[in-house]
Every structure is written in C-alpha cells, then in structure tokens.
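Computed over heavy atoms, backbone and side chain alike; hydrogens, waters and symmetry mates excluded. In this chain, residues are counted from 1 in sequence order.
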Amino acid sequence: MTGGSHKMIRRALWGWAMLIAGAAASAQPLPTPTIRARSDQSAVIAGRRLAYTAEVGVVPVASRPGREDATAGYISYSVPARRERPVLFVFNGGPGAASAYLHMGALGPLRAQVPQDPGAPLPTAATVAPNPDTLLDVADLVFLDPPGTGFSLLPADADLAVYRSVDGDADAVAQLARAWLSAHGRTGAPIYILGESYGTIRAAAMVDALRRQDATLKLAGVLLLGQALNMIETSQRPGNVVTYPVALPTLAAIACYHHVRAAPCTPEGSAREAAAYAETYLAALFRGRALESADRAAIAARLEGLTGISRDYYLAHGLRISKERFRVELLRAQGRVLGRYDARYTAQRAADAGDTVGPDAFSPVSDLYGKAVVEQLSRIGVTDATAYRLIVRGEDDWRYGSGDSPFNDWPFMARLERAMAAVPAMRLFVGTGLYDLTTTVGAADYLLAQSNLAPDRFRNRRYPAGHVAYSDDTSWRLLMRDLRAFLADGPAR
C-alpha cells in the first residue's frame, strides 16, 4: 500500500471519528456556565442609551465526549434580544492569547485610548472611556477565552495534545459558544465569528466544529482581522518565490511612510504601485539564474525605487528580501529597526542585529490593552480581576494538523470555502493593516484572488495601521464602520 493510500485512510478514519464525536456532543446536554460576575450597565450609542448585561463566566469543555478536563471563559455584553438579533463571538490569537485586545481596543462598550503618535512616549496605563462605536446596539458581543487563558483552566491532566491543536482548540471554543447560546436563549440567533491573527485560523476551524456539533445553528458570517489562513505565504519560506511579490505592497507602503521612497508618494499609492508590479517581479524570480543580467539589473533598480532597499542588496540576495530582514535594513542609516506588528513604530537597532530582531517595538502598546481589561473586569464585578491571564504560552508544540512531512499543507481557506458552499447564508470579511509586517495586505489579496468565492460573498478592506489596526483611531473608526455595515447586511440571500 502506498504512503498516499495510508494518508487517505488516516484522513477517513479521522473524519469518521470527528463525525461520531460531533453526534455525541450534540446529543449531550450542554453544560451550564459558572458565573464569576454579572452586572447591569448602560451605554450611549448614536445618541440613544442602551441597557445591557455584562457577564463573566467559565464553561467546562471536553477533549472528547464524556471527558470534561478543561474550562473555557467568556466576557459577554447582551441585551434582551429579538430572535433575529445577531451574536458576535470574538477572540484574539496567539495561540494562547485571551480576547483582551479586541475587547478593550475596538469592540467593547469601553475602549482603551492609546497615544496616536508612534514616536510618542507611552503612559503606564491607557485612558479608558466609553466606546461610541461599540457594536452592542446591533449585536450581542461575546469575547471568548480559549482553555488556559483568561479565567479558564487547562489542568496538567487535561489532554494537552487536543487543546494545543487547531481542531481541538476550535472544538473547545465551539463548545463554549454553544453553552453561552443555550444559557442565554440565543440558539436561534444569526451567528458571526470574528478572529484576529491566529484567531483567523481558529475561526475557520470553529465553523467546522459548530456545524459538526449542531447543524441547526445559523452561521451568518466570518470576520478575519490580520488573516493567517495562507500562512505559507505569510511565513515566507525562503524558496517560495510567491511570498516576495505578496509582501511587496507592504514594503513599498512602509518605505513611503518613513520617507525612504523618493517623494512624492503616498503609502496607499505605493502599495498599489507595488501590487501592479508584482506579476513582473514574480516572473523574474521564477526565471532564477536564467534571468538575463540586464533584466536582473532592471528588476533590482525597480525594487530599490519601490522599497528603498538598495539595488546592490537585491542583486546580492537573489532579488529578494524577507520581511524580517527588511525591518533591519530599511532604517539602518538611522540606527533604527521597524516594528514587526506595526512598522510605523521603531526601536533602537542593536549593534549585533541579525536576521530577526526583538522585542517588537509595538508590544508596549498591546500591553496597555492588557492592563485596561483588568480595570474593566473590576467594573463588571470580578473580585480577583488580576488573576485574568492574557497570554499563556505552550511548549512550542502547537499542532497545525498536517504532521511532520515535506508534503505539508494547511488548507484553512479551503475548509472555510467548503463550509460556505454548504451554508449559502455565510459571508466573509477580511481586514488588514497596511503597515503590518506579519499578515500583509498582499497576502490577503492573494488569498481572495485564489479563492473560489463569488465576489458578493466577501469583503476585503485595508486600514492605515498595523496588525492591531484598531490602535490607530482613524483605522478603528473605518473598521467599525465596515463591521457595522457587514452586520447590517445580514446573512447572504
């Protein structure tokens, strides 16, 4: 029997196991959340006062039917609901991150306000103020914390191999979502799932988990911020020539932002210019050593004009530069290194800077959201808010599902497309920060260019900020406008 046949058999057996587990899960009664705090509050949105209930709780989750060996947590904001009122489930990524960043940076009823000048000193804590653009007037908001994060637990005797995998993590979060829906009488509501960064992979997998656990749920939309579904392009394997044209629009936008490109330029215009050149660039990389020297020199000159990196560098490095090396090289003359998550931010460049540089210049901004969520939990009534865990790192053993093989694939978009084909009501939203050097605008464009989704099934938006696009107030307002419009359109018809 061939290795391919063995692989097909393993996949078939895994599929049957998941179907059986899903049937068993749907047949079992859902666990009741343990409430840590609940309070009645109100907010003024679009000039109207809205009363809502804030709640913090945890739910037992099972690594397999009948074995509840961990918990997952939530912070929710809900109003007395009509049947058609949507529920928006929200989480960050990591893997191993709680949902504090989207909660306090963008969507919650209160928002942490961070300094808008990337060069300004940061305060020890952000100012927290009512969020006039919260989506609470159009949807219940449920911020989900995967097992081990927030107030949830991942005990030593839990099946860590399950919970530290794409499908096991998504299955646990789907159990949490179903328990919340049941406890709050919302099982018939339109459901939207919003994930950021690694959370975009979780969102795609969670759609499968929810459909497997309860086929009657009304899945209406998936929203991806800083998408990582095509991680092979995002991670830039050195021999994958597609990754360099995919990243080029981001490099050009950043070079313009830092005034390294020849004036006049705009970051948005630079990104469009680089995207238009990407096909020529890809063809040159594909030719490799067969590329004529004059053509090679012309390509290097054009890349210098777009990215600010010298033609000599490109000629010496096979006409390519990684995103990580770009962070080091662009502002070398100023002794600065770019932020990975938001390249508008810079840090002093170490004398021994190598191919990768850390810590990231943007990380202190993210930390402000983490501090702000503790205050918010106290407002809701949690007495031990400082016990909330923001980041829980694994042991570098996260399993993405394809095993240790040179034929690995991570077809996260493909599985989302299959789900959307089976559920015609579902739509997709993708949002990306222009200055994000992790999950780039080009990767998002490439994802959708390779997709079989009809244009009316998705929206693709970009924002003048980084990976955490909502840290920039202009981007946050644009993002909230776009999310509100996406929810207002309802399920596809």
Flag for Thr432-Arg462: side-chain donor and acceptor within less than 3.5 Å: no
Pi-cation contact, Phe429 with Arg461 (under 6.0 Å, within 45°): no
Side-chain touch Leu390/Tyr369, heavy atoms, less than 4.5 angstrom: no
Main-chain N/O of Ala161 paired to Arg399 side chain as donor or acceptor, under 3.5 Å: yes
Any donor-acceptor N/O pair, Arg327 side chain to Ser322 backbone, under 3.5 Å: no
Ser378 side, atom OG; Asp384 side, atom CG - distance, nearest 0.5 Å: 9.0 Å
Whether Glu417 side chain and Asn452 backbone form a donor-acceptor pair below 3.5 Å: yes
Met231 vs Phe412, side chain to side chain contact (heavy atoms under 4.5 Å, CB included): CA-CA, chis, key distance, verdict: CA-CA 9 Å; Met231 63 160 59; Phe412 300 118; 4.1 Å; yes
Under 3.5 Å: donor-acceptor pair, side chain of Arg427, backbone of Phe486: yes
Any side-chain donor near an acceptor of the partner, Asp69 and Ser63, under 3.5 Å: yes
Single hit among Val142, Leu141, Ile191 for side-chain contact (heavy atoms from CB on, under 4.5 Å) with Leu88: Leu141
Leu416 CG to Ile193 CD1 distance, which is reported to the nearest 0.5 Å: 9.0 Å
From Leu479 atom CG to Asp133 atom CG, the distance as rounded to the nearest 0.5 Å: 10.0 Å
Flag, side chain of Ser152 to backbone of Gly148, donor-acceptor distance under 3.5 Å: yes
Cationic tip of Arg393 above Trp398 ring, under 6.0 Å, 45° of axis: no
Rounded distance [0.5 Å steps], CG in Asp367 versus CZ in Phe362: 10.0 Å
Worked check of side chain to side chain contact (heavy atoms under 4.5 Å, CB included) between Met480 and Arg477: CA-CA 5 Å; Met480 299 308 292; Arg477 292 188 186 96; 5.9 Å; no
Heavy-atom side-chain contact between Val392 and Leu154 under 4.5 Å: no
Minimum heavy-atom distance between Pro147 and Tyr163, given as atom pair plus value: CG-CD2, 4.0 Å
Positive for ring pair (Phe, Tyr, Trp, His ring centres under 6.0 Å) with His103, one of Phe91, Tyr388, Tyr77, Tyr470: Tyr77
Sub-4.5 Å side-chain heavy-atom contact between Thr383 and Arg36: no
Closest non-hydrogen atom pair between Ala253 and Leu434, with its separation: CB-CG, 3.8 Å
CG on Leu144 to CG on Leu176, rounded to 0.5 Å: 5.0 Å
Close side-chain approach of Ile75 and Glu55, heavy atoms under 4.5 Å: no
Gap between atom CG of Leu453 and atom CZ of Phe458 - 0.5 Å precision: 7.0 Å
Residue pair Asp214 / Arg178: nearest heavy atoms and the distance that separates them: CB-NE, 3.7 Å
Glu375/Lys371 ion pair, N-O < 4.0 Å: no
Donor-acceptor contact below 3.5 Å, side chain Thr440 vs main chain Thr250: no
Under 3.5 Å donor-acceptor, Ser182 side chain and Ala179 backbone: no
Donor-acceptor pair between Tyr52 and Asp140 side chains, under 3.5 angstrom: no
Heavy-atom side-chain proximity of Leu194 to Phe89 below 4.5 angstrom: no
Closest contact, heavy atoms only, Thr200 versus Gly226: CG2-O, 4.0 Å
Donor-acceptor contact below 3.5 Å, side chain Arg457 vs main chain Ala425: no
Shortest non-hydrogen separation from Tyr192 to Ala220 and the atoms involved: CZ-CB, 3.5 Å
Residues Asp137 and Arg484 bridged, charged N to O under 4.0 Å: yes
Between Ser39 and Gln41: side-chain donor-acceptor atoms closer than 3.5 Å: yes
Distance-only side-chain donor-acceptor flag, Glu196 / Tyr101, under 3.5 Å: no
Ser475 and Asp472: side chain donor to acceptor below 3.5 Å: yes
Ion pair Asp167/Arg212, N-O distance below 4.0 Å: no
Over 12 foreign heavy atoms within 6.0 Å of OH, Tyr341: no
Minimum heavy-atom distance between Arg67 and Asp157, given as atom pair plus value: NH2-O, 2.9 Å
Asp171 side chain to Gln175 side chain, donor-acceptor N/O pair below 3.5 angstrom: yes
Side chain to side chain contact (heavy atoms under 4.5 Å, CB included) between Arg111 and Val128, intermediate numbers included: CA-CA 5 Å; Arg111 178 173 179 259; Val128 176; over 6 Å; no
Thr439 and Asp436: side chain donor to acceptor below 3.5 Å: yes
Check: Leu122 and Val114 side chains under 4.5 Å, non-hydrogen atoms: no
Heavy-atom side-chain proximity of Asp169 to Met206 below 4.5 angstrom: no
Flag side-chain contact, heavy atom, 4.5 Å: Arg211 against Leu219: yes
Between Ser99 and Asp145: side-chain donor-acceptor atoms closer than 3.5 Å: yes
Polar contact flag, side-chain donor to acceptor under 3.5 angstrom, Gln113-Asp473: no
Worked check of side chain to side chain contact (heavy atoms under 4.5 Å, CB included) between Leu107 and Thr134: CA-CA 5 Å; Leu107 296 168; Thr134 179; 5.7 Å; no
Main-chain N/O of Gly199 paired to Ser197 side chain as donor or acceptor, under 3.5 Å: no
Under 3.5 Å: donor-acceptor pair, side chain of Gln213, backbone of Asp208: no
Steps toward side-chain hydrogen bond (donor to acceptor under 3.5 Å, both in side chains) verdict (Tyr463, Asp482): CA-CA 11 Å; Tyr463 304 99; Asp482 291 343; 2.7 Å; yes
